[in-house]
Enquirer: 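Could you have a look at this structure, given as structure tokens, before my questions?
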2 protein chains.
Amino acid sequence: MNGPDRTVVEICSALGDDTRWAILRRLEAGAASASALAEGLPVTRQAISRHLEILRGAGLVERERHGRELRYRAVGTRLGAAANQLGLMAAAWDRRLERLRERATSGTEPGEPG
Amino acid sequence: MNGPDRTVVEICSALGDDTRWAILRRLEAGAASASALAEGLPVTRQAISRHLEILRGAGLVERERHGRELRYRAVGTRLGAAANQLGLMAAAWDRRLERLRERATSGTEPGEPG
DNA sequence: CTTTAGTGCAACCATCTCGTTGCACTTCGC
DNA sequence: GCGAAGTGCAACGAGATGGTTGCACTAAAG
């Protein structure tokens, strides 16, 4: 659990914005184009388009031509992998804390050995 | 899998920064104060202090007085919960896509009824 | 061909974010 | 008490970010 994949940071960064969550929630209900997403969200089509590019860069979304429109859909693969990594990290942190507690109750007073 | 807890957005936002990852990686090796973290990272103590506040706000880190210093340590509980939610989301997205594929191969051509 | 829906690109603006420096305050140790 | 270590707070600057408008381009539809 050392190097947090660049991917994970990118995904977290992408998921750190409310508008992008709004977009993803829409996409959960079905694939849609930037223009389609624009009506129903309080931002312009261009802004949404930019967000979709970011989501695509993070691998959370894929697009597909459909006639003259680009239809975007949410893809879980990358997010699933990231969630897994984060879960492992969390478990490791809790394990470390647990070890410390054990050591503390088994006689040796804590000194937080680096 | 509807409302992404405000917490999750906050955690993602917190994890969307490289410096904060660096800090967390240090904390994985043991609790430390802002000043201690400062030596070894290419930013000032004040900057690190701000980052630690953000991490604390997201529930990724807790602090504890130790004499005149504040010692921070990584805590996995919140991150674990967030990772879980993200994992469920990812699974849901993949399931949706799978259903679409099935429907496509079973005769009905896709129209993306969303 | 003309219209219209869907995109892409660029300029521009407001704000947030990350980092800095500088100073004041507390607390441990001599 | 005094110096040094550890913090907190505030002001400030550079750059990233999220949003807008405006215009040009392509492709479906009439």
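Order of the sequence lines fixes the chain letters, A, B, ..., with proteins taken first and strands second; residue numbering starts at 1 for each chain.
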Enquirer: Does D/dG8 have its OP1 or OP2 closer than 4.0 Å to a side-chain nitrogen or oxygen of B/Arg63?
Expert: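 Yes.
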Enquirer: Hey, does A/Ala36 reach any base, or is it just sugar-phosphate, or nothing, if we go heavy atoms under 4.0 Å?
Expert: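 Since no nucleic acid heavy atom lies under 4.0 Å of A/Ala36, the category is nothing.
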Enquirer: Looking for any heavy atom pair under 4.0 Å, which part of the strands does B/Arg50 touch: base, sugar-phosphate only, or nothing?
Expert: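 No contact at all - B/Arg50 keeps every heavy atom at 4.0 Å or more from the nucleic acid.
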Enquirer: For the pair A/Trp21 (side chain) and A/Leu15 (backbone), establish whether a donor and an acceptor sit closer than 3.5 Å, ignoring hydrogens and angles.
Expert: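 Side chain of A/Trp21 to backbone of A/Leu15, a donor-acceptor pair under 3.5 Å: yes, one is there.
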Enquirer: Donor-acceptor check, side chain of B/Arg63 to backbone of B/Ser33, threshold 3.5 angstrom: yes or no?
Expert: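 No; zero donor-acceptor contacts below 3.5 Å.
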Enquirer: Has A/Arg45 got a side-chain atom pairing as donor or acceptor with A/Ala34's backbone, closer than 3.5 angstrom?
Expert: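 Absent.
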Enquirer: With a 4.0 Å cutoff (strictly under), does any side-chain N or O of B/Arg20 reach OP1 or OP2 of C/dC18?
Expert: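 The answer is yes; a side-chain N or O of B/Arg20 sits under 4.0 Å from OP1 or OP2.
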Enquirer: OP1 or OP2 of D/dT7 less than 4.0 angstrom from a side-chain nitrogen or oxygen of B/Ser35, does that happen here?
Expert: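 So the side chain of B/Ser35 is within the cut-off, an N or O lying under 4.0 Å from OP1 or OP2 of D/dT7.
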Enquirer: I'd like to know if B/Gln46 reaches the base of D/dG6 with its side chain, counting only an N/O donor and acceptor under 3.5 Å.
Expert: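 No.
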Enquirer: So, OP1 or OP2 of D/dT20: does either fall under 4.0 Å of a side-chain N or O from A/Thr44?
Expert: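 Affirmative; the distance criterion is met.
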Enquirer: Side-chain N or O of B/Ser33 less than 4.0 angstrom from OP1 or OP2 on D/dT7?
Expert: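 Result: yes.
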Enquirer: Has the side chain of A/Arg78 got a donor or acceptor atom that lies under 3.5 Å from a matching backbone atom of A/Leu60?
Expert: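 Here the side-chain-to-backbone pair does not exist.
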Enquirer: Which part of the nucleic acid, if any, lies within contact of B/Arg65, taking any heavy atom under 4.0 Å across all strands shown: a base, the sugar-phosphate backbone alone, or nothing?
Expert: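 Contact class for B/Arg65: none.
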